[in-house]
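To start, the structure itself, in structure tokens.
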Amino acid sequence: MSISFWSSISFRTGLYIAFFAALFSAVSSYLFFSKTYDLVLETSQKQLEQLILTVEDSASVACYLDNKELASEIVRGLEKNDIVRGVSIKSQTGMSVESGIVDEQNHYNRSIDLFSPFLKDETVGRILVSVNQALINENAEKTALFHTITLALHSLLIVMIVIVIVTIQMTSPLKKIASALSVIVPGSKDRIKPSKTHARDEVGSLVNDINHLLTSVESTLDQEKCLRLEIESLGKQFRLIFENASGGIALVDGSGKLKLHNPSFKKVIGGQWSKLLIDTDALLFQDIFEDSEGVLYALSNLASITTPIELDLKLKANYEKQSRWLHILLSSVQDESGELLAECILYDVSARTRREQQIMLEAERDPLTKLYNRRAGERRVDELLSHCDAENTQLALMLIDLDKFKPINDIHGHDAGDKVLVEVAHRLTSVLRQSDVIIRWGGDEFVVVVVQGHNGLNAELVAQNILSEFEPSIDLGDGITDSVGASVGISIYPDNAGDQESLLLCADKSMYAVKQKGRNGYAFFS
Amino acid sequence: MLFCLLSIAISVPARGYGDILIVVNQESSIYNISERELIDLYMGRRFEFSNGETVLKLDQGKDSDTKRLFYQLLIGKTLSEVTAYWARLLFTGRSTPPYGLGDDASIVNMVMGNKSALGYVNEELDIDVSKVKVVGRVH
């Protein structure tokens with residue numbers, strides 16, 4: 001910042017001093033003038049008196065002798081003085097000499113009685129000198145003016161000297177400090193060089209203080225720099241962890257909008273999904289999962305998630321042959337603005353899930369027919385029963401016993417028997433709905449549970465369909481075909497029995513009734 | 001001494017040691033002359049006696065001790081001061097100093113010979129003043 005001369009300290013100091021100097025000059029000039037005037041007047045009076053004293057003797061003689069010539073000579077001599085305006089000499093005996101303008105009334109006139117030169121008690125005349133008042137005034141004015149001008153010049157000189165001193169002592173060192181300070185970058189090692197001439201005064205102490213300040217600024221900045229570097233390196237480490245984590249990491253807001261993700265996230269959800277979710281922004285986080293409603297529910301209730309929750313979610317099919325499962329660890333975090341975000345750590349657990357499913361399948365299914373084995377079947381039936389209780393619906397339990405199976409086993413061997421069982425299982429599966437349950441109950445016995453659909457139970461129709469599936473002969477290999485029949489006993493829940501065991505007994509009784517009637521038919525429990 | 005102090009007035013003729021005697025012609029109408037009149041006459045203010053008679057002022061020569069004593073006693077001035085007084089008036093033309101000639105004896109002779117004459121002699125010198133008239137005394 002440059003400081004104009006008009007706003008500089010030296011100019012303003014000078015201005016103040018000049019102002020007061022002018023004020024004092026004016027007052028003192030006024031006082032001086034009257035004083036000088038009186039003084040000049042007094043001096044003039046003295047001068048006049050001295051003049052008169054000079055001529056007193058001669059004037060006395062002139063009056064004593066009534067000598068007009070001598071008196072005239074004296075008068076002329078006196079008149080030559082500037083301050084004398086007029087002179088008159090008058091003797092007692094009538095002689096009178098007058099010259100110039102004699103104003104008898106002027107109280108500044110000087111007059112003295114003249115005594116005889118020889119007898120001091122005898123008055124012989126009088127001399128009167130009239131002063132030149134105008135001249136005295138002029139002199140007084142001139143003198144006063146001269147004094148005033150001198151005083152003003154004196155003040156001016158002092159003002160200039162003060163400006164110079166202020167400039168040297170204050171302004172220029174301050175300027176030097178300011179310009180030195182303006183080029184110093186805060187935090188650098190640069191300092192203002194202390195001046196030797198101002199080492200012990202205020203300027204020196206100012207420089208010291210500024211340098212102290214610069215030092216403390218430097219150390220503060222250094223500390224901040226260190227701290228920043230630390231944070232930077234910490235950030236780098238965090239970034240490294242984030243970038244290279246094997247799990248997908250993503251920050252998702254309450255509406256499902258993706259805020260942040262790491263490279264692994266893309267890999268975990270797969271190329272197709274990452275294109276839609278990340279590159280085109282067309283989808284929200286929950287949209288990639290089959291249970292999108294559940295995910296959205298979790299996201300919109302982040303505040304209630306105090307401990308991380310674990311979810312196993314299936315990705316929507318999206319052109320992929322194999323279904324994929326993700327294990328998600330979801331916890332809520334708060335960002336700087338206070339918004340709650342979901343921190344999701346995702347792992348692809350498809351392989352594991354598939355393996356688990358395989359194990360479960362192996363445990364539940366009959367290895368030959370891939371239908372539920374009896375143990376798993378009983379569990380499934382119980383589940384369906386409680387479902388009926390909850391929904392207040394009906395179900396039909398059908399016990400199917402193959403007719404003429406034993407002879408096939410005996411004649412064509414166990415392999416042929418197995419083929420018959422597999423074919424029967426296949427045909428049952430094809431004729432029944434997905435929601436119905438088919439169980440290999442044991443040997444050549446099957447249990448089918450038909451649940452109530454939208455159009456009622458229709459158990460009779462299902463039984464007829466099942467029986468019709470037994471009509472085509474079964475290929476047993478080696479060009480041999482044969483056919484089996486089926487006896488179907490049907491019991492209805494909850495109409496015929498209240499639990500699985502009783503229900504099975506009812507179905508069993510019905511099945512026996514069919515066998516006794518001549519096989520290959522169905523019967524309801526009555 | 002006591003006498004001296006008492007006899008201040010010249011108008012009372014009294015004998016004293018060292019007095020100056022003022023003399024006129026025996027036939028003069030003047031019998032008495034005051035000190036003031038004497039000063040006025042000798043210093044050029046008056047040109048005749050107070051009664052209107054013409055006067056011829058006689059002074060002594062410049063080396064005379066009597067003259068020195070006369071002016072000293074009359075106006076308290078030295079002879080050079082008296083000379084300066086007259087010099088001041090020299091060019092004005094009106095007042096002139098008295099005639100200065102001779103000593104005490106010749107003054108007496110001149111007063112005897114002129115009816116208007118006025119002169120002074122030193123009493124101490126014991127000049128014979130019986131042929132002139134003493135009208136005053138300066139001391």
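This one's a predicted model, so the numbers in the text were calculated from it and none came from an experiment. Naming convention: chains lettered A, B, ... in sequence-line order (proteins, then strands); numbering from 1 in each chain. Atom set for the values below is all heavy atoms of this structure, side chains included, hydrogens, waters and symmetry mates excluded.
Summarising the local packing, CZ of B:Arg36 is surrounded by 12 or fewer heavy atoms from other residues, nucleotides or ligands at distances under 6.0 Å. Enclosure of atom NZ in B:Lys77 by more than 12 non-hydrogen atoms of other residues, nucleotides or ligands within 6.0 angstrom is indicated. Counted within 6.0 Å of CD on A:Gln47, heavy atoms from surrounding residues, nucleotides or ligands total more than 12; the atom is thus considered enclosed. In this structure, A:Glu202 places its CD atom where only 12 or fewer heavy-atom neighbours from other residues, nucleotides or ligands lie under 6.0 Å away. Taking a 6.0 Å sphere around CZ of B:Phe47, one finds it holds more than 12 heavy atoms contributed by other residues, nucleotides or ligands. Within a 6.0 Å sphere centred on NZ of B:Lys133, other residues, nucleotides and ligands contribute more than 12 heavy atoms.
Atoms CZ and CG, from B:Arg88 and A:Asn67 in turn, are 10.5 Å apart once rounded to the nearest 0.5 Å. To the nearest 0.5 Å, atoms CG (B:Asp40) and CD (A:Glu122) are separated by 6.5 Å.
Taking both residues in full, the closest heavy atoms of B:Arg45 and A:Tyr64 are given as NE-O, 2.6 Å, listed atom of the first, atom of the second, then distance.
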I'd like to know whether B:Tyr85 forms a side chain to side chain contact (heavy atoms under 4.5 Å, CB included) with A:Asp57, so could you lay out the CA-CA distance, the side-chain angles of the two residues, the decisive distance to 0.1 Å, and finally the verdict. CA-CA 10 Å; B:Tyr85 173 77; A:Asp57 284 351; over 6 Å; no
Under the side chain to side chain contact (heavy atoms under 4.5 Å, CB included) criterion, do A:Leu65 and B:Arg46 qualify, and how do the steps go? CA-CA 8 Å; A:Leu65 298 176; B:Arg46 288 176 172 271; over 6 Å; no
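Proximity to chain B (any heavy atom under 4.5 Å) is shown, for A:Ser72, by neither the backbone nor the side chain.
When ring centroids are compared, B:Tyr42 and A:Phe118 stay outside the 6.0 Å threshold.
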